[in-house]
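For reference, the structure is listed below as structure tokens.
Only this structure's heavy atoms are used, side chains among them; waters, hydrogens and symmetry mates stay out. A, B, ... follow the sequence lines: proteins, then strands. Residue 1 opens every chain.
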Amino acid sequence: AQKITQTQPGMFVQEKEAVTLDCTYDTSDPSYGLFWYKQPSSGEMIFLIYQGSYDQQNATEGRYSLNFQKARKSANLVISASQLGDSAMYFCAMRENTGGFKTIFGAGTRLFVKA
Amino acid sequence: IAGITQAPTSQILAAGRRMTLRCTQDMRHNAMYWYRQDLGLGLRLIHYSNTAGTTGKGEVPDGYSVSRANTDDFPLTLASAVPSQTSVYFCASSEGDRGRYGYTFGSGTRLTVV
């Protein structure tokens, strides 16, 4: 069965430093996608980055990169050069590409960026 | 502005009452979803629709029903609300139901059942 685990309820990072948010997953489907979303205090959900299970390279989108380790079933989000505006809740999510194509979400990690 | 519109923004509802949360998108996305967000539990899928005319059950479908009569609208109905349905409800859509399509989310409906 699909499962997403985010073990860090909260994280602190100093402004301009890099931070890694952990995500592990479990699936028996060989074809799946991994996603990260950001939820600021205003409440909206923002899609950040995608990694496909067959992608050979780690995904990058601006200051966001996804450290994909398939054998370990981990998909950590790395935010480089943190900014105060990065303070938010971050959710890891996975969608299996067979059997209903449903996306499940982890419980989230709240990131606090300190000035 | 293209996106998803949810209504109402918030609602206080008496237990036992029927309620429909509205969701409309103007992006012509095929797939639509309803999630509820509860503290410490992340987002949990209630129902989904991969295309107009079809729906499916998610992780927590009990007490909820949906319909997908056309591409744009995906209403969520609580037939007889209970306090455990107090939550923030998000409607989402994606261009496809697989691959690299991330979700576009609505701004959410905060529902309190008393």
Enclosure of [X] [atom1] (heavy-atom neighbours >12, cutoff 6.0 Å):
| X | atom1 | result |
| --- | --- | --- |
| A:Lys3 | NZ | no |
| B:Arg44 | CZ | yes |
| B:Lys57 | NZ | no |
| B:Ile12 | CD1 | no |
| B:Arg17 | CZ | no |

* To do: Working to the nearest 0.5 Å, report the span between CG of B:Leu39 and CE of A:Met89.
  =>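 These two atoms lie 7.0 Å from each other.
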* **Atom pair CD/CD of B:Gln37 and A:Gln39 - distance to nearest 0.5 Å** => 4.0 Å
* To do: List the atom of A:Ala107, the atom of B:Gly40, and the distance in Å for their closest heavy-atom pair.
  =>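 For A:Ala107 versus B:Gly40, the nearest heavy atoms are CB-O, 3.5 Å.
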* Interface moiety of B:Leu43 toward chain A, non-hydrogen atoms closer than 4.5 Å -> both
* Do the rings of A:Phe105 and B:Tyr35 sit parallel, tilted or perpendicular, given the 30° and 60° boundaries? ->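 Rings of A:Phe105 and B:Tyr35: perpendicular, as their planes differ by over 60°.
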* Asked: Is there a side-chain contact between B:Tyr103 and A:Arg95, using heavy atoms and a 4.5 Å cut-off?
  ->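 A side-chain contact exists here, since the closest heavy-atom pair is under 4.5 Å.
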* Derivation of the side chain to side chain donor-acceptor pair (under 3.5 Å) call for B:Tyr33 and A:Thr103 -> CA-CA 9 Å; B:Tyr33 313 86; A:Thr103 296; 5.7 Å; no
* B:Val60, B:Phe74: one ILVMFWY side-chain cluster at the under-4.5 Å cut-off? -> yes
* Asked: Contact part of A:Tyr32 toward chain B, heavy-atom cut-off under 4.5 Å: side chain, backbone, both or neither?
  ->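 Neither the backbone nor the side chain of A:Tyr32 comes within 4.5 Å of chain B.
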